[in-house]
Each structure stands twice: as structure tokens, then as C-alpha cells.
S.K.: 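Quick one: the structure is below, questions incoming.
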Amino acid sequence: MKNNTSSFNNIPFQTLFSEEMISSRVKELGLQIANDYQGKNPVFICVLRGGVYFFSDLTKAVPIPIELDFIQAKSYVGTESTGNVELIKDLDSDITGRDVLIVEDIVDTGRTLKFLISHILSKKPKSLEVASLLFKEGGEAAGYPIKYVGWNIGKEFVIGYGLDYDGKFRNLPGVFLYSEE
Ligand code: IMP
């Protein structure tokens with residue numbers, strides 16, 4: 001097996017970002033975010049399900065008081081090109097007048113984020129920023145600046161650290177390139 005591959009259930013995947021790389025990048029982002037939100041008691045919103053590991057690690061890397069909430073959206077299966085997104089789970093807390101940070105796993109076409117931003121802005125937060133572990137080429141279509149990005153990547157399909165292929169591979173500890181071989 002090549003150095004940059006990792007085996008999961010005997011399937012070799014090429015490593016894009018190892019567990020160690022993610023851990024150190026998340027710590028950097030955490031300190032940057034803590035610095036920006038000092039004294040603000042922000043609400044961090046986890047975008048389920050993909051954002052779960054990034055959210056979990058990032059919130060622990062932010063050494064200031066924060067509150068947590070969860071939201072879930074889904075692109076309509078089979079109508080991806082129309083960009084329809086459905087809200088599956090809304091926030092539980094009232095974020096009106098609060099400083100809010102959306103925590104995403106990946107921004108690909110930007111459609112999901114565009115939907116979430118418009119939904120969250122309708123609740124009138126004081127401020128709204130986005131943190132995404134990965135930002136795919138073309139994600140600018142979200143039409144909103146993404147303040148905190150782990151890494152920019154190309155159009156490749158990736159799995160692990162919350163990201164799935166057909167519901168699988170979310171629990172890989174790093175981010176890997178998906179290939180069917
Ligand atoms: P978007 O609406 O096209 O930006 O994509 C939103 C969602 O698609 C993400 O939150 C992921 O759940 C999923 N997605 C996009 N690209 C990938 C990928 O490379 N691997 C796994 N999931 C992806």
C-alpha cells in the first residue's frame with residue numbers, strides 16, 4: 001500500500017487530509033474564531049449530519065463561552081439540478097439578535113448553504129458567519145462569504161470525517177478521495 005493511502009474495511013483510499021492535519025487546522029481555526037468572538041457568547045450551528053465531527057472538534061477548540069444548536073437540510077433526491085433544498089430539522093433556540101456561526105462539512109455547489117443562510121437570516125441574527133472544513137471549487141455560488149475555511153479543494157468527491165458516500169464512510173478519521181476501485 002502506498003504511503004498516502006489508508007485502509008478502511010480493506011478498501012484502500014488516498015488520503016487528502018490526515019487525522020493529524022485536520023486536528024492541527026481545526027485548532028488554528030478555533031483560536032481564530034475565539035479571537036473574533038471574544039465577549040460575544042455566539043451560537044454555533046452544526047449542519048447535520050456531515051458537519052458532526054468538524055463541529056464537535058471545532059467547538060472544543062474555541063476556548064470562550066458559546067452555545068450549540070443543530071439544523072438539517074437535504075437536497076431533493078433526483079432534482080439536484082433544480083437546487084431544491086428541504087429543511088429536515090430546524091433550530092431549537094431563538095437566534096434573534098445573536099451572533100451566529102454556521103458550521104458546515106463542505107460547500108460544493110453552495111446550494112445547501114444558500115438555503116440555510118436565507119433561512120437563518122430570516123430569524124434576524126445580529127451577525128452571521130460560516131465555517132466550512134472544505135470549500136470546493138465553484139462553491140462561490142452560495143453568494144455569501146465563507147469566513148473560516150479549513151481547505152479549498154478541487155471538484156473531487158471526498159469521504160470521511162463526517163462526509164459520506166451513500167451513507168457510508170462518515171466515521172473515517174481523516175478525509176479521503178473516494179474511488180470505486
Ligand atoms: P452543496 O449544496 O452542493 O454545496 O452540497 C451540500 C452537501 O452535499 C454537503 O453538505 C455534503 O453533504 C454533500 N457533498 C458535496 N460534496 C461532497 C463530497 O465530496 N463528499 C461527500 N459529500 C458531499
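Remember, predicted model here, so these are calculated numbers, not experimental data. Both counts, for ligands and for their atoms, begin at 1 and track the order of listing.
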S.K.: With a 4.5 Å limit on heavy-atom distance, are the side chains of I71 and K89 in contact?
M.R.: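 No; the side chains remain at least 4.5 Å from each other.
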S.K.: Give the numbers and elements of all ligand 1 atoms closer than 4.0 Å to a heavy atom of D164.
M.R.: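 The atoms of ligand 1 under 4.0 Å from a heavy atom of D164 are 21 (C), 22 (N).
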S.K.: Does any N or O atom in V158 lie less than 3.5 angstrom from one in ligand 1, N or O only?
M.R.: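 Yes - when backbone and side-chain N and O of V158 are compared with those of ligand 1, one distance drops under 3.5 Å.
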S.K.: First locate atom CZ of F176, then atom CD1 of I159, and finally report the distance between them rounded to the nearest 0.5 Å.
M.R.: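 Here the rounded value is 7.5 Å.
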S.K.: Examine G110 against ligand 1 and note whether any of their N/O atoms are separated by less than 3.5 Å.
M.R.: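 Yes, G110 has an N/O under 3.5 Å of an N/O on ligand 1.
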S.K.: Pick, from L163, D105, T112, the option with the minimum heavy-atom distance to atom 22 (N) of ligand 1.
M.R.: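 Looking at heavy atoms only, L163 sits closest to atom 22 (N) of ligand 1.
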S.K.: State the atoms of ligand 1, each with its element, that fall below the 4.0 Å cut-off from a heavy-atom position in E104.
M.R.: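 Ligand 1 atoms under the 4.0 Å threshold to E104: 10 (O).
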S.K.: Less than 4.0 Å between a side-chain N and a carboxylate O, is that true for K155 and D108?
M.R.: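 Yes, D108 and K155 are salt-bridged.
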S.K.: Taking atom types as modelled, find out whether E137 and N152 have a side-chain donor-acceptor pair closer than 3.5 angstrom.
M.R.: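 N152 and E137 do not have a side-chain donor-acceptor pair below 3.5 Å.
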S.K.: Which one of I106, V85, D108 has a non-hydrogen atom at the shortest distance from atom 13 (C) of ligand 1?
M.R.: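 Among I106, V85, D108, the closest heavy atom to atom 13 (C) of ligand 1 belongs to I106.
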S.K.: Once rounded to the nearest 0.5 Å, what's the spacing between atom NZ of K123 and atom OG of S118?
M.R.: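 So the NZ of K123 and the OG of S118 are separated by 11.0 Å.
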S.K.: For ligand 1, which atoms sit closer than 4.0 Å to a heavy atom of R111?
M.R.: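 Near R111, meaning under 4.0 Å from one of its heavy atoms, ligand 1 has 2 (O), 4 (O).
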S.K.: Does R98 come within less than 4.0 Å of E67, counting only side-chain N to carboxylate O?
M.R.: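 Judged by the 4.0 Å cut-off on N to carboxylate O distance, R98 and E67 do form a salt bridge.
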S.K.: Please could you name the atoms of ligand 1 that K136 approaches to less than 4.0 Å, counting only its heavy atoms?
M.R.: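 It comes down to these atoms of ligand 1: 16 (N), 17 (C), 18 (C), 19 (O).
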